[in-house]
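For reference, the structure discussed in these notes is given below.
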Protein chains: 2
Amino acid sequence: MARPRSDDRRNAIMAAATKIIAAQGIGAPTALIAKAAGVSNGSLFTYFETKADLLNQLYIDLKSELGAVAVDGFPVGEGQREQLAHVWAGLLRWSTANPEKRRALKHLNVAEEVVTSSREAARCGFGEITSLIERARENGPMHAAPYGLFAAFMSAIAEATVEFILQDPENADAHRQTSFDALWRMIG
Amino acid sequence: MARPRSDDRRNAIMAAATKIIAAQGIGAPTALIAKAAGVSNGSLFTYFETKADLLNQLYIDLKSELGAVAVDGFPVGEGQREQLAHVWAGLLRWSTANPEKRRALKHLNVAEEVVTSSREAARCGFGEITSLIERARENGPMHAAPYGLFAAFMSAIAEATVEFILQDPENADAHRQTSFDALWRMIG
DNA sequence: CCTGCATGTTTGACCAGTCAGTCATTTGAA
DNA sequence: TTCAAATGACTGACTGGTCAAACATGCAGG
């Protein structure tokens, strides 16, 4: 058998794409990504059918990683406030500790090339978080609001907080606390 | 004197750019914008030095319009809650009534081509709103939070709300109310 | 009223550069 | 030797921006 199509290469391309897209946005040339991955540009297209395919895969990958990190070490026995605080801290920690991944994800979030089915696929990594949120708000003033609206608020606040922490990292903890308190006040 | 460089043409290009950029994003070819404006592609570059110049002008234009609309009919004598509700309603009304302008603005907001000085220039249309927000939160639990963080929360929530209203226009009023209540709860 | 000229504007074919994706050729493990 | 995998020069499509020619307009003098 010939040298196998290694997953290592795939991952190298994904990692390179993360870096390049974080720096240059979705418009970055595939040739640059291939080069950064130590791969010929022709090879890139044996691992990903099209550029759009690469972007979609990367989106799912990053989003899933974010979801997984946020529920890691989930405090099962605790109250809702502590559980949500845990998830909140996890989201912010990953985003601030992996600025390139976050930045790439930010670009992918608004990219037209990333199709609906990819967005749905990525959502399934957030099942635990979704149900936590549902439970947390069901007795508060936002119980009647559609879930999507509330989820949009949450991720919007998270996004704004991360943006702010990256600008002012010294007060990261304070900003995290401020944003969580604001979020909790919003819930009820 | 020969036919003057009409502002009408400039505006036509701006309007066309709004439409095309809303539909295709920042990457839309200038030729398409020129065509939609009923102008040759060469002419476009007599009104705007470069594509980036056009994007910056358009950004300032749209953002200023949004700011102006939000403070239109500002209820000077009323309480802070009513004042903020007025601004909130104004922001959401403009955004939902002008989906193309909003969509174009959304693209421009994240465009690298739009430089810092343009963003600053656009901010001055929001002076009134800024001071209102400062007054509104100065006695609440967010009084210690940096202004930028709070402003980011606000515009993030507004953005999420608009997105949601456009998906579910029948319940626009309910969503507007929900989001304002959430915002007000956040303030204190 | 017409004609010719000067001034300034509009035009669109064109240019140079860029990009995603292809494919004939090479490589190297089995 | 065999053959899947890797390569990178190449292609065709497209883009922002240019520029020489065409055109509109106002005016002076016949």
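Sequence lines set the chain letters: A, B, ... in the order given, protein chains first and strands last, and positions in each chain run from 1.
For the pair B:Arg10 CZ and C:dT10 P, the computed distance is 13 Å after rounding to whole Å. Atom CG of B:Leu44 and atom C1' of C:dA13 are 17 Å apart (whole Å). With rounding to whole Å, B:Arg9 atom CZ is found 11 Å from D:dA24 atom C1'. Going from atom CD1 of A:Ile20 over to atom P of C:dC19 covers 12 Å, rounded to whole Å. At whole-Å resolution of the value, CG in A:Leu32 and P in D:dG8 are 15 Å apart. Distance, A:Phe48 CZ to D:dA5 P: 16 Å, rounded to whole Å. Between A:Ile21 atom CD1 and C:dC19 atom P there is a gap of 14 Å when expressed in whole angstrom units. The separation between A:Glu113 atom CD and C:dC19 atom C1' is 13 Å, rounded to whole Å.
Aromatic ring orientation, A:His86 versus A:Phe74: perpendicular (interplanar angle above 60°, classes split at 30° and 60°).
In this structure, A:Asn41 CG and A:Thr30 OG1 are separated by 6.5 Å, a value rounded to the nearest 0.5 Å. The distance from the CG atom of A:Leu84 to the CD atom of A:Glu82 is 10.0 Å, given to the nearest 0.5 Å.
Under the 3.5 Å distance criterion, the side-chain polar atoms of A:Gln83 are matched with a main-chain donor or acceptor of A:Val76. The backbone N or O of B:Glu170 sits nowhere less than 3.5 Å from a side-chain atom of B:His175 that would complete a donor-acceptor pair.
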query: Going 5' to 3' along nucleotides 16-22 of chain D, which nucleotides have protein heavy atoms under 4.0 Å from the base (write B), which only from the sugar-phosphate (write S), and which from neither (write -)?
result: SBB----
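At a threshold of 4.5 Å between non-hydrogen side-chain atoms, the residues B:Leu132 and B:Glu128 do not count as touching. For the pair B:Leu166/B:Arg102, a side-chain contact is recorded, criterion being any heavy-atom separation below 4.5 Å from C-beta on. The closest side-chain heavy-atom distance from A:Phe180 to A:Arg81 is below 4.5 Å. With a 4.5 Å cut-off on side-chain heavy atoms, A:Met186 and A:Arg137 do not count as touching.
Annotation: the terminal axes of the helix from C:dC1-D:dG30 to C:dA30-D:dT1 meet at 10°, where each axis is the rotation carrying the C1' atoms of four end pairs onto the next four (5 pairs per end, rounded to 10°).
When the side-chain nitrogen and oxygen atoms of A:Ser40 are compared with OP1 and OP2 of D:dG8, none of them lie within a distance under 4.0 Å. Look at B:Tyr47 and you won't find any side-chain N or O under 4.0 angstrom from OP1 or OP2 of C:dT9.
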